[in-house]
Structure formats: C-alpha cells, structure tokens
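Note sheet for the following structure.
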2 protein chains.
Amino acid sequence: MSQQDKMIEELFHNADELTEKQKKIVAAAIDSFAEKGFAATSTSEIAKKAGVAEGTIFRHYKTKKDLLVAIVAPTMAKLIAPFVIKDLNKVLHQDFERFEDFIKAFIENRIKFLKNNMPLFRILIQEIPFQPELREQFKEHIAQKVFERLRQIVEHYQAKGQIIEMPSDTVIRMAASTIFGYIIARYLLAPEAEWDDDTEIERTIQLLMNGLSP
Amino acid sequence: MSQQDKMIEELFHNADELTEKQKKIVAAAIDSFAEKGFAATSTSEIAKKAGVAEGTIFRHYKTKKDLLVAIVAPTMAKLIAPFVIKDLNKVLHQDFERFEDFIKAFIENRIKFLKNNMPLFRILIQEIPFQPELREQFKEHIAQKVFERLRQIVEHYQAKGQIIEMPSDTVIRMAASTIFGYIIARYLLAPEAEWDDDTEIERTIQLLMNGLSP
DNA sequence: TATAAAAGTGAGTAATCACTCACCTGCGAA
DNA sequence: TTCGCAGGTGAGTGATTACTCACTTTTATA
C-alpha cells in the first residue's frame with residue numbers, strides 16, 4: 001500500500017467502502033488542489049491524473065465542490081480530534097502536571113499528524129478563505145469547540161501559577177502563532193532547507209515557556 | 001479622494017499616469033481577487049465592477065496575470081521597503097540602543113502599513129503559493145535581501161547581549177511568526193472581534209522580549 | 001447461473017472563459 | 001483645420017469549463 005493510500009485510509013474512516021477508482025480520484029484531487037488550488041484545477045485534469053473517465057468523478061461526487069468538501073471536512077475533523085475527545089481535561093491533568101510537558105506532548109503529536117498530511121493541510125488553509133461552506137465548518141468546530149477547550153486548559157494552568165495572567169485568548173493566539181509559524185516555515189516555506197527538527201521544536205517551546213511564564 | 005484611491009495612489013509611484021478607468025480596474029481587481037481569489041475571478045466580472053468594457057482591461061494589461069502582477073509586485077516592494085533603504089543599520093543603531101525599542105518601532109510601522117493595505121496583503125499571501133512568477137519575486141527579494149538584513153540586525157543585538165544566542169534564522173522565524181500571527185488573527189481571522197490593539201501589541205512584544213532575552 | 005444494482009464510460013452540452021479586433025472618440029501638436 | 005494616436009468599446013473567437021446521460025461492464029447475491 002502506497003503512502004498516498006495510507007493517507008487516504010487514515011482520512012476516511014470508511015476507506016474500505018471506497019472503490020479503487022474513487023481512491024485514485026481523491027488522491028489526484030489532493031495532489032492538484034494542493035499544487036494549483038481548487039479553482040485552477042479542472043475536473044478533466046483530475047480524471048486524467050486519476051486514470052478514470054470524467055463521468056466517474058461525478059458518479060461519486062455531485063459537484064466539484066462536493067469533492068473538495070469530501071476531502072477537507074475529514075481533515076479538519078482529524079486535526080481537531082484531540083480536542084474533542086471526552087474528558088480531555090481529566091486525562092490531561094493526570095498525565096501532565098506541568099504546562100511545559102503538556103504543550104510539548106501536544107505539539108509533537110500535532111506536528112506528526114500535519115507532517116503526514118501536508119497536502120491536505122495546504123488545501124485546508126488555502127481554500128478556507130474562499131469557500132463559505134468550509135469557513136462555516138471551520139468556525140463552528142474550531143471557533144466554538146476547540147477554542148473553548150483551549151481556554152479551559154489555559155485557565156487551568158493559570159490557576160496553577162504556571163502561565164502568566166493574561167486573557168486566555170491572547171495566550172492561545174500566541175501559542176498558535178508560534179506553533180503554526182514553525183510548521184509553515186518548516187514544511188511549506190522552506191521544506192528543502194536543513195532542519196534540526198528536535199532542536200527547533202525545543203527552542204520553540206522554550207520561547208513559549210519563557211514568554212508565558214509568570 | 002476615496003480611501004481606495006489613496007491606497008492606489010500610494011501603491012503606484014506613477015499613479016498620476018494612470019487613467020481614471022485604469023484606476024477603477026485596479027480597484028475592482030483588488031476587491032475581487034481578495035474576496036474570491038485570482039483564479040475564481042473573471043475578467044468580465046472585473047470589467048463590470050469597474051464600469052468599463054472588457055477590452056479596456058486588455059488595453060492596459062496584456063493578460064489577466066499581468067494585472068495580478070501589476071497589483072502585487074508594488075505591494076511586495078512597499079512591504080519590504082524599510083529593509084532596502086541604504087544604511088539601515090546606521091540609522092537603526094543610532095536611534096535604537098535597545099532591541100526592544102527597535103522591534104516596537106518596527107512592528108508599529110509595518111502594522112500600520114498592512115492595516116491600510118489589507119486586501120493587498122491578502123492577495124499577496126493567497127496567490128504567492130500558486131503563481132511561480134510571484135514566488136520568484138518573493139524569494140529573490142525576501143529570501144535574499146530582507147533575510148540578510150534581518151540576520152545582521154539580530155546578530156548586532158546578539159553581540160550587545162540583548163538577544164539569546166541562537167541561530168539568527170531561528171530568531172527571525174520566531175519573531176516573524178509572532179508578528180504575522182497577530183496581524184493575521186487581528187485583521188483576517190477575527191477582524192470583527194473587539195481588540196485592544198495597544199495592549200495586544202504590547203503583550204506580543206513582551207512575549208518576544210521574554211522569549212528572546214538571554 | 002441469472003439478475004439487479006452499482007461502478008464506470010466518453011461523447012455531448014450549454015455556459016463561460018481569456019483574449020482579439022475593427023471601429024469609435026477626444027485631444028494635443030503641426 | 002488636419003492629423004496621429006492613446007484610450008476606450010463590445011461583439012465575436014475558439015478553447016475550456018463543470019456537468020449530463022444513455023450506455024456498457026463489474027460485482028454481489030440468491
């Protein structure tokens with residue numbers, strides 16, 4: 001099974017219900033959407049790359065936008081999955097006495113996920129500004145659920161005196177900027193450069209810890 | 001003169017050489033490109049919004065992509081202008097003994113610029129991944145000139161013992177993440193939210209100072 | 001093995017695309 | 001007044017677009 005296949009398997013919980021050709025369509029679409037953007041990619045091009053007839057695409061996806069949503073929606077779900085699990089807080093606070101340990105485990109976990117799903121992450125951030133449907137999903141899930149969870153976490157560690165007293169939204173913004181900044185620089189802006197990943201992540205966490213400590 | 005006009009005047013050094021209709025084309029294109037993206041915007045739509053015939057667009061710009069480049073290239077130039085002025089270092093080190101003062105002045109200056117040119121900044125970051133021509137310009141200017149300048153600045157303040165010893169690229173990445181993180185959150189992700197800008201900028205600088213101090 | 005449903009096909013369609021071109025208009029220089 | 005020319009026009013161009021549909025092939029089940 002190829003890397004591409006594994007990515008798709010991981011992405012769609014019912015991947016075994018997908019036809020061979022359907023998987024090829026999804027793989028081709030991910031490829032092209034990430035490289036040229038959704039609007040600049042034609043369905044004929046996807047069909048050609050996938051080695052199927054154009055009609056086959058529309059057998060499985062009513063419209064081109066449907067195909068995009070079918071790709072992006074589960075990516076978004078996977079990305080925020082760790083925030084949605086029940087009793088995150090309980091697990092969290094048992095396992096991670098210190099904020100530093102929590103954020104380290106968390107960053108490493110999410111970076112690993114994004115690293116394995118870069119084209120999808122690319123499509124996600126590139127198309128959200130343009131697709132109201134995706135923007136709506138993003139707002140509903142991220143803005144509401146994830147943000148609420150993050151606030152709880154920040155406030156928990158603030159109560160323990162491990163994070164500086166500051167509006168939790170500001171803390172979240174800073175942490176998110178730093179983390180996404182690293183991911184974008186590492187995997188999108190300069191993927192070809194030489195990176196000492198462990199050291200860079202360590203330093204990034206240190207920036208946050210120094211900056212957010214009381 | 002409208003706000004839109006002022007923006008265009010500021011952007012094109014030879015704005016007085018632009019026809020009335022040409023200005024309207026540029027304004028309409030900025031509007032649509034920022035909202036729907038370059039690929040999803042048709043020339044007929046731009047013409048309609050600008051109140052001109054479609055042929056008029058192609059009288060001034062050979063292709064649709066030419067129009068995009070004519071809009072984005074000067075934006076990029078304006079954005080990096082402060083780095084390109086001669087003897088930046090001399091000016092810099094006379095005026096800003098402390099790194100904190102420098103970065104504060106710098107952030108405020110660039111935020112003010114971006115604030116007045118948000119649609120253009122949006123187009124810039126949205127289209128650079130897709131347009132090889134823009135990516136080339138970006139690499140040439142940012143990667144080479146700007147990065148070199150930033151390295152000098154970081155190393156200067158490192159020599160003075162005001163910045164932690166760390167590869168200058170890492171320092172730059174962290175500072176850029178933090179600053180762009182604020183701008184993107186403030187003006188693109190949640191422009192409608194209530195923001196206490198002065199306080200947020202102050203806190204953002206404090207994060208950097210705490211995180212980057214030896 | 002027979003049968004129906006699902007998967008797959010590719011020629012065809014109307015709409016839209018970026019771009020062209022022959023023509024028109026207003027204006028400054030000769 | 002005449003001329004040249006840049007600015008402006010909009011109907012027209014061939015190419016491409018997302019999508020349809022009548023049809024064939026494959027698959028699952030009884």
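All of these numbers come straight from a predicted model, not from anything done at the bench. Within every chain, numbering begins at 1; the chains are lettered A, B, ... in the order of the sequence lines, protein sequences first and strands thereafter.
Distance NZ (K48(A)) to P (dA18(D)): 14 Å, rounded to an integer number of Å. Taking atom NZ of residue K21(A) and atom P of nucleotide dT25(D), one finds them 13 Å apart after rounding to whole Å. Atom pair E45(B):CD and dT17(D):P shows a separation of 18 Å (rounding to whole Å applied). In this structure, F58(B) places its CZ atom 13 Å from C1' of dT13(D), rounding to the nearest Å. As a whole-Å value, the separation of D66(A) CG from dC19(D) C1' is 12 Å. If you measure from atom CZ of R59(A) to atom P of dC23(D), you get 14 Å, rounded to the nearest angstrom. Across the protein-nucleic acid pair, H60(A) atom NE2 and dT20(D) atom P stand 15 Å apart, rounded to whole Å. Whole-Å rounding puts the E20(B) CD to dG8(D) C1' distance at 14 Å.
Taking a cutoff of 4.0 Å between a charged side-chain nitrogen and a carboxylate oxygen, R151(A) and E148(A) do not qualify as a salt bridge. Residues K145(A) and E140(A) are not paired through a salt bridge, judged by the lack of any N-O separation under 4.0 Å between the basic side chain and the carboxylate.
Shown are T43(A), T41(A), I123(A); of these, the side-chain contact (heavy atoms from CB on, under 4.5 Å) with S32(A) is made only by T41(A). Shown are L134(B), V72(B), N117(B); of these, the side-chain contact (heavy atoms from CB on, under 4.5 Å) with L124(B) is made only by V72(B).
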Query - salt bridge (charged side-chain N to carboxylate O under 4.0 Å, His left out) between E20(A) and K23(A), worked out - result: CA-CA 5 Å; E20(A) 269 321 297; K23(A) 284 184 204 167; 3.6 Å; yes
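Side-chain polar atoms of S44(A) and E54(A) form no donor-acceptor pair below 3.5 angstrom.
Identified under the salt bridge (Lys or Arg N to Asp or Glu O under 4.0 Å) test for residues 113-137 of chain B, with sequence neighbours left out: none.
Sequence order on DNA chain D of the closest nucleotides to T43(A) and I57(B) puts I57(B) first from the 5' end.
Under the 4.5 Å side-chain criterion, counting only non-hydrogen atoms from C-beta, F99(A) is not in contact with K104(A). Side chains of I111(B) and Y187(B) form a contact here, defined as non-hydrogen atoms less than 4.5 Å apart.
Remark: T19(B) is in phosphate contact with dG8(D), judged by side-chain N or O atoms under 4.0 Å from OP1 or OP2. OP1 and OP2 of dT20(D) both lie 4.0 Å or more from every side-chain N or O belonging to K62(A).
In the 5' to 3' direction, nucleotides of DNA chain C lying under 4.0 Å from heavy atoms of chain A begin and end at dA7(C) to dG10(C).
Heavy-atom distances under 4.0 Å link DNA chain C to T41(B), S42(B) of residues 34-42 of chain B, given in residue order.
Nucleic acid contact class of Q22(B) (heavy atoms, under 4.0 Å, all strands): none.
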